[in-house]
There are 4 protein chains.
Amino acid sequence: MPKALVLERALELSLREIDLPQTLARDAVRVRTEVVGICGSDVHYYKHGRIGPFVVSAPMVLGHEAAGVVVEVGGDVTTLRIGDRVCVEPGVPDFTSRASRIGRYNLDPSLTFWATPPDHGCLTPEVVHPASLCYRLPDTVTAAQGAMVEPLAVCIQATTKAQIKPGDIAVVLGAGPIGLLQALAARASGCSDVFIFDPQDQKLDIAAQYPGIHPLYARNGSPAAQIGTATGGWGADVLFECSGAAAAFRGIADLLRPGGTIVAVGMPIDPVAMDIVALQVREIALFTVFRYANVYDRAINLLASGQIDVGPLITGTYDFDDSIAAFERAAEGRAEDIKIQIRMPD
Amino acid sequence: MPKALVLERALELSLREIDLPQTLARDAVRVRTEVVGICGSDVHYYKHGRIGPFVVSAPMVLGHEAAGVVVEVGGDVTTLRIGDRVCVEPGVPDFTSRASRIGRYNLDPSLTFWATPPDHGCLTPEVVHPASLCYRLPDTVTAAQGAMVEPLAVCIQATTKAQIKPGDIAVVLGAGPIGLLQALAARASGCSDVFIFDPQDQKLDIAAQYPGIHPLYARNGSPAAQIGTATGGWGADVLFECSGAAAAFRGIADLLRPGGTIVAVGMPIDPVAMDIVALQVREIALFTVFRYANVYDRAINLLASGQIDVGPLITGTYDFDDSIAAFERAAEGRAEDIKIQIRMPD
Amino acid sequence: MPKALVLERALELSLREIDLPQTLARDAVRVRTEVVGICGSDVHYYKHGRIGPFVVSAPMVLGHEAAGVVVEVGGDVTTLRIGDRVCVEPGVPDFTSRASRIGRYNLDPSLTFWATPPDHGCLTPEVVHPASLCYRLPDTVTAAQGAMVEPLAVCIQATTKAQIKPGDIAVVLGAGPIGLLQALAARASGCSDVFIFDPQDQKLDIAAQYPGIHPLYARNGSPAAQIGTATGGWGADVLFECSGAAAAFRGIADLLRPGGTIVAVGMPIDPVAMDIVALQVREIALFTVFRYANVYDRAINLLASGQIDVGPLITGTYDFDDSIAAFERAAEGRAEDIKIQIRMPD
Amino acid sequence: MPKALVLERALELSLREIDLPQTLARDAVRVRTEVVGICGSDVHYYKHGRIGPFVVSAPMVLGHEAAGVVVEVGGDVTTLRIGDRVCVEPGVPDFTSRASRIGRYNLDPSLTFWATPPDHGCLTPEVVHPASLCYRLPDTVTAAQGAMVEPLAVCIQATTKAQIKPGDIAVVLGAGPIGLLQALAARASGCSDVFIFDPQDQKLDIAAQYPGIHPLYARNGSPAAQIGTATGGWGADVLFECSGAAAAFRGIADLLRPGGTIVAVGMPIDPVAMDIVALQVREIALFTVFRYANVYDRAINLLASGQIDVGPLITGTYDFDDSIAAFERAAEGRAEDIKIQIRMPD
């Protein structure tokens, strides 16, 4: 039996052997995992044992941000070969479903997803997965970068919804891993200037290293006031809400120009108070995203071409044997931590 | 001095002479008003003396839904002639403003609008207005229908935002004048079936007269349950929120299919509680509208071609001399009343 | 062995027994065909033995416009039952292909399609087909109407591409079955007025029976001149090219307003001369369509709701035993013939 | 009388005094020109005396790519001050026209444009122009760069039409000034990789200096073959046709993926042969552009933010006194020349 990082129940992790499906379907590959990133949802399951309706009622392997190497291919697989380096899209839809047919397989209700109860994740040395959801990494993209494709994919999905026009001005609320990746994705997609807000200055300091990304330090006034000044009173073209904080929605319309766009990326636990009339008088549109569809190859392209540099966001790396310590650290939520990854055994 | 229906202050109307601008600019026309409809906003000003930040602090002529006849043309006007029957777009933007240049002149902050303080409305026998905002009515469209173009324009704006695809299923929440016009506009724009909900059965009875428009009587279960049954559990493609009620947003995502669209037409006074996560898991988009731009000619086309029949929605007509009575009736908000209009003197 | 209408080679049809696949896959249904329409492509194969690269090199059953009744269901089928009345989408894609995943399964190169060599069509009493491509017909839609869904789907696809706004003015070039259905689809999707041109007056006479559809008789001047008059010199919003004639593209920009849209529905055999600069000075967009994806249910909705009445377009019906005569008649291309259908044996 | 570069007739240029409008309207500014770029259209007028229907029938000042300094402001101007450095949008529309109101003022038939007969251009030390069409340059953008905003604006317009999604693969046909700027604009707008073709290797060598821009040298096979290899047979997402050559349209669909997009930027003099069916089987959309609307600020943003570096494209600079020599050089069309600019007197 393979070893895995298992969430037994809220606040209890084990690094132990567990019985996992090992059979290789004809359209699947076996991937030896190299690097697995820790996502906020992993930490949330660890701390609370649930996310909304998804409850951990049996031991579950964590992790859904993986890069690795193909070590075995099913009989029908023609697109991958043993030795190919890949990153893995963790959601498996039914491609014949009604949602899939209209190009939105991420919305298929029958989709299964790594480390979302009752499905196990990838913090284990080997996983089997449909070949068509494993994407080859170019030589120039490392496994650590490849394991960043999953969270980056969320931001590419959000960026695509925003229908950015070249030279747009963007605002990002929240500078956690998703907020920072969102800022990079927006800038790489044609925004000339991306303004980012977070109550923690240290996170903004990381953002400020990137050209074209401008921190909105709380000490300099409200985000709305700072954006007003920067845009001559017109407002930003697009806003990505990545904090998931209810407070972020208060006065959100004031940040935007007439006809501006909001994309809700962060997931607020409770309903938020939304001033509809404030949106209406500027005819602001609100788009929402849920994971991603058809963007993994795009995310890889942008990493490989050098337009998005995720390196500075990987702020900690632990060995698989220390993965419980990695989760404890992640659970601390230190201001200087962005993405913590786990390096799997060779 | 002309006579007009003047709102002196909240709850006090006079039909009296008042000093109004009479000068005809070179690009303007003088229109003798024939029919003026009473809008919910007129009634709201009458009852409360304000709508949000817009406060009636001086006597103001009411009315902004007008059709009439051109009786004088300015020196530069080439598009209209004396005797032309027209309906009038009541908002006057600066067409060189930044918002106007991107095609969204309705969002120009400098726009003035009839019967929005401090600007007077059109419940008076003659008005002067830019010729380019007066639209000729075909012979087949009566003045009473022409005065319906203004509220219909709101719904055409909302329908345009919804990017309806032929054969879409729509839901309309609220069956006041806007909700009913919205249902007609959605159906005329390619929705095969429009389901409409209102707590007042009498309003739904009016809707039920139209082919393809299906009432969701409260007695038959929740709107979500009824839509679920009608769509085999998939959900509607698009939802028009026309009630302006905060309660309408509760569970709103349950009415929609994955990838569905909401257009917020009604204006809730206070912030509403919005379940962002419920929108996200279906990647629902929310569009908002504020009045209209570039749709008057479209609304007239749809009336003239017979695709939208507003006749059954005009449920009461008063003479100008009885316009205070008309407002008192409108303020009652009877279930059987939809649109009350005032016929101006010949 | 079942009997079928077989195209042996160009100009040679037989009504004879032929060996066809009869095995029912677990996700398939067996449909007893009731009505099969004759498409222009069927006639083209009959007359020329090929359409471009698609060459009839072995005997092939014709027909791809079918409605019928489910007589057997595969073991995994949950959406259909014996006795269900259905119409059938004739193209079968690989739903896991790259094109399918982005919602465009009609563009999957591996797609097979009835009566496109080397695949057999449906002019035979029974066919087996994936259940997920068979769409239930409401009681109000007859089998004859149901067999019109296939050509109507092409027009719904084209209409969807056109992104019609309510109150648009459309032009349709060509008044064969596709042109006429396109006019109906455009009108049902929010065009207030649809102008249709064809050199054959008799076809326009059929169009003229419908409200909102206006024939452009050649005797009244060029289409551009007539549209110019009808739109005050502004031009139409959208144009559907349904003739497939190279000549239709000459001067095509003159029919459109600045920012107008062309959808190329008809398939011209040879390259056409296109005046790019004429398109540019009005920034006209040209969309193209290839069959359809995700529109069958929409087409059925529009038939069931009464928004599209295909009845007047079914101008001839033959028994299956007379299907060779039906093809000979269709091959004549009489001005008064629109759609000829074949009624299959009970 | 001011001095100007005057095209007397085809092939005859004078640097001489000429009577030009000098009156400053209340909404206008006077700009001292600093740098003026030479456009292909200037050269075309010089060589042929006409472009299509636009015929030089009287002496005309050339030039429409200008940056300079405000030296006088009209009485109503609030947005600019003396001393402001600006670049100038050369087309002046009627902002109240029907095309302008829908946001497409570039399509207003009444628009006048510098150096398009009968209107004079800007190759003269001072010009008067509406203030609202003069855009302030940040300190970091030089006058030479500012004079590149005009051609860049064309490419931003084209890029906007293309609705690029992050990680798209683009192809540019033609590597003249517009082709090269288009490649930069596409890359800056989210394309991870831009492939560019031109028969002249020297132009591609310039393109190859930029990261993410890949030359398609003719010696390496056809563009279609090279794109096929680079995309694993799938094709590019978007193609910008910037050569204006009829030959470019031959086989153009083969470069694109199913559902791909073409933007026609170059202006072919004669109608081109277009294979509609080849577009249809991939449902390719063709967008066209004519100059630009609402993009000058965007182009400046992208220059200022460092996302687009036009420096390497400015391959020659002449003094105003040598501007005839500059035109003679430009008319040679040397492979190593991209953009030639004229520096105006201090």
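All values below were derived from every heavy atom in this structure, side-chain atoms included, with hydrogens, water molecules and symmetry-related copies excluded. Proteins get letters first, then strands, A, B, ... in listed order; numbering begins at 1 in each.
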Under the 3.5 angstrom rule, does the side chain of D:Q280 hit a backbone N or O of C:T288 as a donor-acceptor pair? no
Looking only at heavy atoms, the pair that brings C:G266 and D:I276 closest together is O-CG2, 4.4 Å
Measuring heavy-atom distances to chain C, does D:R104 have an atom under 4.5 Å in its side chain, in its backbone, in both, or in neither? side chain
For residues C:L107 and D:G259, report the shortest heavy-atom separation together with the two atoms involved. CD1-N, 3.6 Å
For D:F290, the option from C:I284, C:V277, C:V281 that meets side chain to side chain contact (heavy atoms under 4.5 Å, CB included): C:V281
Is there side-chain contact between D:E283 and C:Q157, with heavy atoms separated by less than 4.5 Å? yes
Does any heavy atom of chain C fall under 4.5 Å from the side chain of D:N106, the backbone, both, or neither of them? side chain
Interface check, chain C: of D:R257, D:K161, D:M274, most non-hydrogen pairs under 4.5 Å belong to D:M274
Cut-off 4.5 Å, heavy atoms of chain C, and the answer for D:V263 is neither
Please round to the nearest 0.5 Å and tell me the distance separating atom CG of D:D270 and atom CG of C:D275. 9.0 Å
Heavy-atom distances under 4.5 Å only: say whether D:I102 touches chain C with side chain, backbone, both or neither. side chain
Around atom CZ of C:F113, are there more than 12 heavy atoms from other residues, nucleotides or ligands closer than 6.0 Å? yes
Working to the nearest 0.5 Å, report the span between OG1 of C:T261 and CZ of D:F287. 8.0 Å
